[in-house]
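Here the structure is a predicted model, which is why all the values come from computation and not from measurement. Below, chain A is the first sequence line, B the second, and so on; all start at residue 1. Heavy-atom basis, side chains included; hydrogens, waters and symmetry copies ignored.
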Amino acid sequence: MAYDFQMIEKKWQASWERNKREKNNSKPKFYCLDMFPYPSGSGLHVGHWRGYVLSDSLARYKILNGYEILHPMGWDAFGLPAENYAIKNKTHPAISTKKNIENAKRQLKEIGAVYDWDREVNTTDPEYYKWTQWIFLKMFEKGLAYEKEMPLNWCPNCKAVLANEEATNGICDRCGSSVTKKMLRQWMLKITDYADRLLEDLDLLDWPQKVKKMQADWIGKSFGASVNFKVWEKDLEIEIFTTRPDTLYGATFLVLAPEHELIKKLVSNEKKDEVEEYIKKASEKSYVDRMADKEKTGVFTGAYAINPLNKKKIPIWISDYVLADYATGAIMCVPAHDDRDFEFAKKFDLEIIEVIKDNKLINSGEFNDLDYDEARKKIIDMIEKLKIGKRQINYKLRDWIFSRQRYWGEPIPIIHCEKCGLVPVDEKDLPVLLPEIENYEPTETGESPLAKIESWVNIKCPKCGEKAKRETNTMPQWAGSSWYFLRYVDNKNKFCLADKNLLKKWMPVDYYVGGIEHAVLHLLYARFYTKFLYDIGVVDFKEPFLKLFNQGMINKNKTKMSKSKGNVVSPDDLVKKYGRDSLRLYELFVGPPELDCEWNDSGIEGVFRFLNKFYNFVCEYKNKLIDENKKLVIFRNKLVFEITRRIESLSLNTVVSGLMEFLNDLMDLCKNFGGVDIKTLENFIITLAPFAPHISEELWNLIGNEKSIFESEWPKYDKNNMQDDFVNIALQINGKLRGNISVDINLEREKIILLAKENLEKKLDGKEIVKEIYVPKKIINFVVK
RNA sequence: GCCCGGAUGGCGGAAUUGGUAGACGCGCUGGACUUAGAAUCCAGUAUCCAAAAGAUGUAUCGGUUCAAAUCCGAUUUCGGGCACCA
């Protein structure tokens, strides 16, 4: 009988659809989560499948091990990608999104994954974003959401404001354009309030070190001191932040960021024009240009400050290498011990005083000869005693710019009233529906397209009843994805975002699978949201994802798969030609799951042949059943032991190669015996089941089982019964392989060594054995002269 | 510049963490079956040598060890992250 995968796969997918797994509260839970995709127009390619196959195999393995699993899927459908796609294709985002979801869902079903589609969530569904808005209102209530007029990252191409995380290195994450600054009123979330907890709780997580480090670097905690410098002959003080208070005696000038607010007050008359010119130039430079300039630029203000410790009169400069939005936007410069300050001092011929030599302080008054670590503490103590500054901690993390001047997002549920100011929409009036409009394209002014719909914007103030206007900005895509994992556990709840008991039952997520590209974006935001919801008593855990797994990318022709590069491999054709199980197996076999790898179409032939062989083997031998014997029992134990070990260590590529190897061995064994025992046959089919579920169901059924294979149990193995009677021992002379012997497992050491000597008689002839090394069951090494 | 990872046959990759390097698969070569092809099966496939024997071999050089892809030191190179954060 030929392996008719089309028939088999259709048959069992229909059967799974009909017979849903029963809920069973007595079983331990396992929440296995994929990062939900945004439904793009180009559909899924084999690279997307990699993560999904991995998580599904894991979920199925857990089912067989007696867990009740939660394995849901949904759509991150708001946001720029969906909107850009819609604009490009001249279709309303609501329509194109719906269509794209249908296609992606069809493709996902092809995998034969155990997704629980009853739990599907969609961030653009009003019943969903009602709760996205609700969380925002709670943050507003707690003072974590606030408005601010500020220069923002502006992408002239996307015509949108970008979060810092979306504008790394001044390049727009979406389109690659250079980002400029624009002054706009924005909604901000005070993620900085959570900086410390976000940093510290990384310790609770079983995540790849790399991701933890990226988050820690992004938060960027640094310890130091703030110090106030008096301006010479003016009643002004400039506050600076330094991580090196020990070098305070070496501070020979100050530098302010061009945006610093004190500049106007302290600039001297003769320098005024020059300074204004410099500030103007700096403001016109884009963020990238400012960063790309290797050569330092700057201008002297004509004013001086007093170094509070050595009372030296030091010049105050302005330069764009000082960032306005970190710490106080002003620094003290110690050119002797900082490369950037040194460069600046050299260029503008400023004084350089060395204050540390051989780790000891010099030129530092009463602190001379102290070790610099100790000096740091003592100088901060002095600063605090003199009340000219204090210990301080700073973070690189900035508050989260939360509004977008875009159509396709959740409306921010706030009303602007001339009398009452900012008025939150009443909870009972949620969701604030996104109005349907014709022109949803972004505007040149930086205003949201929603602002044009007067009937929607103009509203009565819920507080005083007077004229008021709705907030027209929308939320960023990250809003919906920052809490979606909570909604899966109770996706139809009308009264709260999810029932507390259900949250308690399922959360936190036990296994989270997705790409590393979300290391500092989604994963940081989701942690922040979870901590906030913890604080207001909605959830009772501090971290949403206990274990994170980043699957590697699949490349084609050494390049990341993308439609624009034309190197996309579609799963649809492969499913037609080889079937879902073959594709699943190859997705795993292609390489170590955490590493990037190269896709090779002909590679799938190998796993396809394996499934054919396996199918034919079972079909033939199910009619040649024999009693079990020692060799078969040993084989079976080794099989289950090895496959279990490899799954547990997530080495899924070697699970597949292992199954192939075991099949080759078993076929040889069975040829000798003229048959196989039923238990070995059963065990083998079960060990294949998590990875190739359709064919496993079919074979399980063919050998006489009526229930689904996923109602059976992952087989056990007897660790004490995995050893053949004879064992192969490699013989070495001076560490080089010189022979092999097969010996009885119970033979004692002396006799084995004797056998080895006999075997190597000729090669040892005339040589003196200096040492014999015997590694049981493995190696004998004779060291000779 | 700083911080992480990698580098193993023609290719993707194994190697129980110091113990027979190259499992498994792809590809290739030869053979069987066939009118022929497809499919399947058998044998071979790191390099040098006609072959046996042997030697060499896990980016390079050196070290530790009876024994190194694995540990240590230096170097080359590819990829990723961060990058004027004071």
> Would Tyr326(A) and Tyr395(A) count as a close aromatic pair, with their ring centres under 6.0 Å?
Replying inline: no
> How about Ile779(A) and Gln732(A): do any of their side-chain heavy atoms sit closer than 4.5 Å?
Replying inline: yes
> Picking from G80(B), C84(B), G81(B), which would you name as closest to the side chain of Lys296(A)?
Replying inline: C84(B)
> What nucleotide, of G13(B), C66(B), A86(B), holds the atom closest to the side chain of Val322(A)?
Replying inline: A86(B)
> Does Val783(A) or Arg646(A) map to a spot on RNA chain B nearer the 5' end, using the closest nucleotide for each?
Replying inline: Arg646(A)
>> If I pick the C1' atom on A83(B) and the same atom on U70(B), what distance separates them, to the nearest angstrom?
In response: 34 Å
> When rounded to the nearest Å, what value does the distance between P atoms of A74(B) and C2(B) take?
Replying inline: 14 Å
> When rounded to the nearest 0.5 angstrom, what distance separates OH in Tyr249(A) from NZ in Lys312(A)?
Replying inline: 12.5 Å
> Under 4.0 Å between a side-chain N/O of Arg738(A) and OP1 or OP2 of A55(B), yes or no?
Replying inline: yes
> On a whole-Å scale, what distance lies between the P atoms belonging to G63(B) and A15(B)?
Replying inline: 30 Å
>> Could you tell me how far C61(B) sits from G9(B) if I compare only their P atoms? Round to whole Å.
In response: 15 Å
> Base, sugar-phosphate, or nothing: which does Lys210(A) touch, judged by heavy atoms less than 4.0 Å apart?
Replying inline: sugar-phosphate
> Within the pair Lys771(A) and C66(B), is there a side-chain N or O less than 4.0 Å away from OP1 or OP2?
Replying inline: yes
>> Taking only the C1' atom of each, what is the distance from G62(B) to A14(B) in whole angstrom?
In response: 28 Å
> Where each residue is assigned the nucleotide of RNA chain B containing its nearest heavy atom, which of Glu642(A) and Ile773(A) is assigned the position nearer the 5′ end?
Replying inline: Glu642(A)
>> Quick check for you: among C24(B), C66(B), U20(B), whose closest atom lies nearest to any side-chain atom of Glu661(A)?
In response: C24(B)
>> Check the phosphate of G13(B) against Thr654(A), side-chain N and O only, distance under 4.0 Å to OP1 or OP2. Yes or no?
In response: no
> Just checking Asn728(A): base, sugar-phosphate only, or nothing, at a heavy-atom cut-off of under 4.0 Å?
Replying inline: base
> Between Tyr321(A) and A86(B), is there a side-chain N or O to OP1/OP2 distance below 4.0 Å?
Replying inline: no
>> Any carboxylate oxygen within less than 4.0 angstrom of a Lys/Arg side-chain nitrogen, looking at Lys638(A) and Asp724(A)?
In response: yes
> Counting side-chain heavy atoms from C-beta on, which of U20(B), A86(B), A55(B) comes nearest to Leu323(A)?
Replying inline: A86(B)
>> Distance check, C1' atoms only: G57(B) and A46(B), in whole angstrom units.
In response: 8 Å
> What nucleotide among A86(B), G25(B), G19(B) has an atom nearest to a side-chain atom of Asn781(A)?
Replying inline: G19(B)
> Relative to Tyr321(A), does Lys296(A) satisfy both conditions: NZ or CZ under 6.0 angstrom from the six-membered ring centre, and within 45 degrees of the ring's axis?
Replying inline: yes
>> Between Glu237(A) and Lys230(A), does any side-chain N to carboxylate O distance fall below 4.0 Å?
In response: yes
>> Starting the side chain at C-beta, find the nucleotide from U16(B), A23(B), G13(B) nearest to Ser657(A).
In response: A23(B)
>> Using the P atom as the point on both nucleotides, what is the distance between A32(B) and C26(B), in whole Å?
In response: 22 Å
> How far does the C1' atom of G10(B) sit from the matching atom of G27(B), given to the nearest Å?
Replying inline: 8 Å
> At under 4.0 Å between heavy atoms, what does Gln732(A) touch on the DNA or RNA strands: base, sugar-phosphate, or nothing?
Replying inline: base
> According to a strict under-4.0 Å criterion, is Arg244(A) in side-chain N/O contact with OP1 or OP2 of A86(B)?
Replying inline: no
> What form does the base of G9(B) take, syn (within 90° of 0) or anti?
Replying inline: syn
